[in-house]
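Since the structure comes first, as structure tokens, the remarks are kept for the end.
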Protein chains: 2
Amino acid sequence: MTNQLNLRIDRSSPVPLYHQVVQGIEAAIHTGLLEPGSRLENEIDLAAQLNLSRPTMRKAMDELVRSGLLVRKRGVGTQVVSSQVRRPLELSSLYDDLSNNGSKPTTDVLSFSHEEADAVTRTALHLPAGAKVYHFTRLRKVGGKPLALMENWVRDDITAIDEASLGSQGLYAILRNGGVNFRLASQRIGAMIANDYQAPLLETTPGSALVTMERTAVDDTGRNVETGHHVYRADSYSFEMTLVQR
Amino acid sequence: MTNQLNLRIDRSSPVPLYHQVVQGIEAAIHTGLLEPGSRLENEIDLAAQLNLSRPTMRKAMDELVRSGLLVRKRGVGTQVVSSQVRRPLELSSLYDDLSNNGSKPTTDVLSFSHEEADAVTRTALHLPAGAKVYHFTRLRKVGGKPLALMENWVRDDITAIDEASLGSQGLYAILRNGGVNFRLASQRIGAMIANDYQAPLLETTPGSALVTMERTAVDDTGRNVETGHHVYRADSYSFEMTLVQR
DNA sequence: TATGTTCGCTTGATAGGACATACTGCCTTT
DNA sequence: AAAGGCAGTATGTCCTATCAAGCGAACATA
């Protein structure tokens with residue numbers, strides 16, 4: 001029961017202490033040092049062992065509880081729930097997800113324009129009449145196989161976007177480099193049947209199943225930066241997530 | 001700039017102070033008293049006005065930041081991001097969602113059995129060989145129109161389930177009444193084409209688009225309580241969510 | 001033996017203080 | 001006039017303390 005969980009806390013590091021603890025426990029869980037179902041020592045002892053105060057220890061455990069790795073019960077203790085928590089859906093882009101996954105995504109820019117926003121786009125991005133946006137369509141492939149067809153509209157008063165950069169990196173990377181700090185996004189996931197336009201591009205047949213995703217992203221100044229409509233081949237892509245009860 | 005936000009804190013209430021603050025600010029945002037983009041007073045002043053300590057005030061604001069309603073910037077202040085944060089996907093069941101929405105869902109139990117779990121189910125629920133589970137299929141309708149076809153497997157060592165109760169209430173309500181405290185669930189959302197079995201039940205045609213959802217739910221003791229495979233008519237249902245960048 | 005009560009352990013909530021760090025705008029300097 | 005530095009302000013991190021509340025097991029009682 002006495003888990004040593006050999007953590008080391010570096011007080012000279014710029015990384016906050018509570019975050020070092022979070023990373024340490026996460027690592028212990030993922031390496032199997034802490035098995036699912038096992039109980040941790042109590043907060044006070046753990047804090048004492050690491051020479052931390054109890055609030056700091058608690059803050060670390062709070063994060064782990066939030067992310068679903070730990071469960072606390074008053075009067076009982078804290079135990080590991082699962083090592084299988086996926087936490088995508090944190091405003092990552094498809095490009096990043098694929099890159100982190102070891103795949104090598106490529107992007108074909110099918111269309112690109114800098115045009116006046118239509119009514120729907122103006123509503124989605126909270127733009128006044130006459131405002132212009134970047135509008136483009138991209139086809140993303142992995143290993144030469146098409147995976148997603150993406151149409152996006154982006155405000156033009158943030159950073160310049162050109163066709164070449166869209167072909168070499170993800171949209172979110174471009175925007176982040178342009179100084180955008182994303183804060184939240186609302187998205188809707190559904191399904192549709194591939195039409196005659198989508199099917200050949202995705203190298204499938206009309207009538208096959210597609211996963212659809214519509215998303216609008218907001219930055220830290222409250223601007224709706226980007227909105228888009230994506231479709232994915234259902235046989236190659238699905239959205240995985242972990243829900244945590246609070 | 002001086003937002004009074006007339007909050008009242010009831011110290012005799014069993015509701016934690018920080019949570020009272022959370023509810024108060026949420027209400028102020030949703031009623032429009034605090035507009036998106038407006039700045040709040042600083043933490044220390046707010047705490048002083050409510051006769052709270054700064055940690056308590058911060059804990060309240062932490063929750064609001066987590067849920068995406070507020071954004072904090074060091075050296076600048078805290079401001080309201082949006083009043084349009086949806087927070088579904090918090091382990092609610094379809095039945096609850098529809099009920100809260102004012103609709104009146106009905107459930108047809110198409111099949112019901114108490115049987116030995118097959119290998120796939122045993123893996124999903126972490127059950128030993130020979131363990132039994134409840135296995136049932138339900139068709140959910142709203143306003144007489146079929147919406148979802150749901151197949152579920154539930155451990156039988158938690159609470160008894162019978163066909164009648166499944167017809168009158170949601171699965172999660174039954175399990176919660178049976179003493180289950182859900183903690184997290186992992187789910188996968190995708191798409192497929194309606195087959196000859198699904199189409200007539202959902203009153204659609206084979207070949208139409210369906211949204212698929214697979215979910216496994218875990219309770220606070222670490223047991224995998226339930227796993228299921230659901231399909232929804234794509235023209236009537238989609239998953240909406242708000243992602244928060246941390 | 002069975003049942004009810006109490007006590008100790010663990011997490012939950014709140015307080016108040018001290019110092020660190022990032023951002024903004026003003027003021028100085030060139 | 002433009003660029004750089006500085007100070008003020010707000011949040012970020014971390015600490016010590018203390019009481020409350022839930023849970024379970026041991027103990028006492030019928």
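Residue numbers start from 1 in every chain, and the chains themselves are labelled A, B, ... in the order their sequence lines are given, proteins ahead of strands.
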Item to check | Position toward the 5' end of DNA chain D (nearest nucleotide), B:Pro55 or B:Asp45 | outcome: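 Closer to the 5' end of DNA chain D: B:Asp45.
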
Using atom names, set out every protein N or O paired with an N or O of nucleotides 22-24 of chain C below 3.5 Å, distance rounded to 0.1 Å.
residue, atom, partner, partner atom, Å
C:dC23, O4', B:Arg74, O, 3.4

Item to check | Contacts of type ring pair (Phe, Tyr, Trp, His ring centres under 6.0 Å), residue B:His126, not counting sequence neighbours | outcome: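 Applying ring pair (Phe, Tyr, Trp, His ring centres under 6.0 Å) to B:His126 gives none.
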
Quick check: does any side chain N or O of [X] sit under 3.5 Å from a backbone N or O of [Y], one acting as donor and the other as acceptor?
X: B:Thr123; Y: B:Ala119; value: yes
X: B:Gln20; Y: B:Asp10; value: yes
X: B:His19; Y: B:Val15; value: no
X: B:Thr121; Y: B:Ala117; value: no
X: A:Ser38; Y: A:Leu34; value: no
X: A:Arg188; Y: B:Phe239; value: no
X: A:Asp219; Y: A:Asn181; value: no

Next on the checklist: Under the rule for salt bridge (Lys or Arg N to Asp or Glu O under 4.0 Å), what residues qualify as partners of A:Arg74, not counting sequence neighbours?
Outcome noted: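 A:Arg74 satisfies salt bridge (Lys or Arg N to Asp or Glu O under 4.0 Å) with no residue once adjacent residues are dropped.
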
Item to check | A:Arg138: salt bridge (Lys or Arg N to Asp or Glu O under 4.0 Å) partners, not counting sequence neighbours | outcome: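 A:Arg138 satisfies salt bridge (Lys or Arg N to Asp or Glu O under 4.0 Å) with no other residue.
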
Next on the checklist: What I want to check is whether the side chains of A:Asp156 and A:His114 have a donor and an acceptor closer together than 3.5 Å.
Outcome noted: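 Yes, side-chain donor-acceptor contact under 3.5 Å.
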
Whole angstrom is fine here: how far is it from [atom1] in [X] over to [atom2] in [N]?
X: A:Met57; N: C:dT10; atom1: CE; atom2: P; value: 14 Å
X: A:Asn42; N: C:dG8; atom1: CG; atom2: C1'; value: 13 Å
X: A:Asp62; N: C:dT14; atom1: CG; atom2: P; value: 13 Å
X: A:Glu41; N: C:dT11; atom1: CD; atom2: C1'; value: 15 Å
X: B:Arg54; N: C:dC19; atom1: CZ; atom2: P; value: 14 Å
X: B:Ile44; N: C:dG17; atom1: CD1; atom2: C1'; value: 11 Å
X: B:Lys59; N: C:dA13; atom1: NZ; atom2: C1'; value: 7 Å

Checklist entry - With a 4.0 Å cut-off on heavy atoms, is A:Thr56 in touch with a base, just the backbone sugar-phosphate, or nothing at all? => result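 Sugar-phosphate, backbone atoms only, no base.
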
Checklist entry - Which two nucleotides bound the region of DNA chain D that has atoms under 4.0 Å from heavy atoms of chain A, read 5' to 3'? => result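 Listed 5' to 3', the contact boundaries are D:dT13 to D:dC23.
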
Checklist entry - In residues 9-19 of chain B, what residues come within less than 4.0 Å of DNA chain C, judged by heavy atoms? => result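 The stretch gives B:Arg11, B:Pro16, B:Leu17, B:Tyr18 as the residues lying under 4.0 Å from the strand, ordered by number.
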
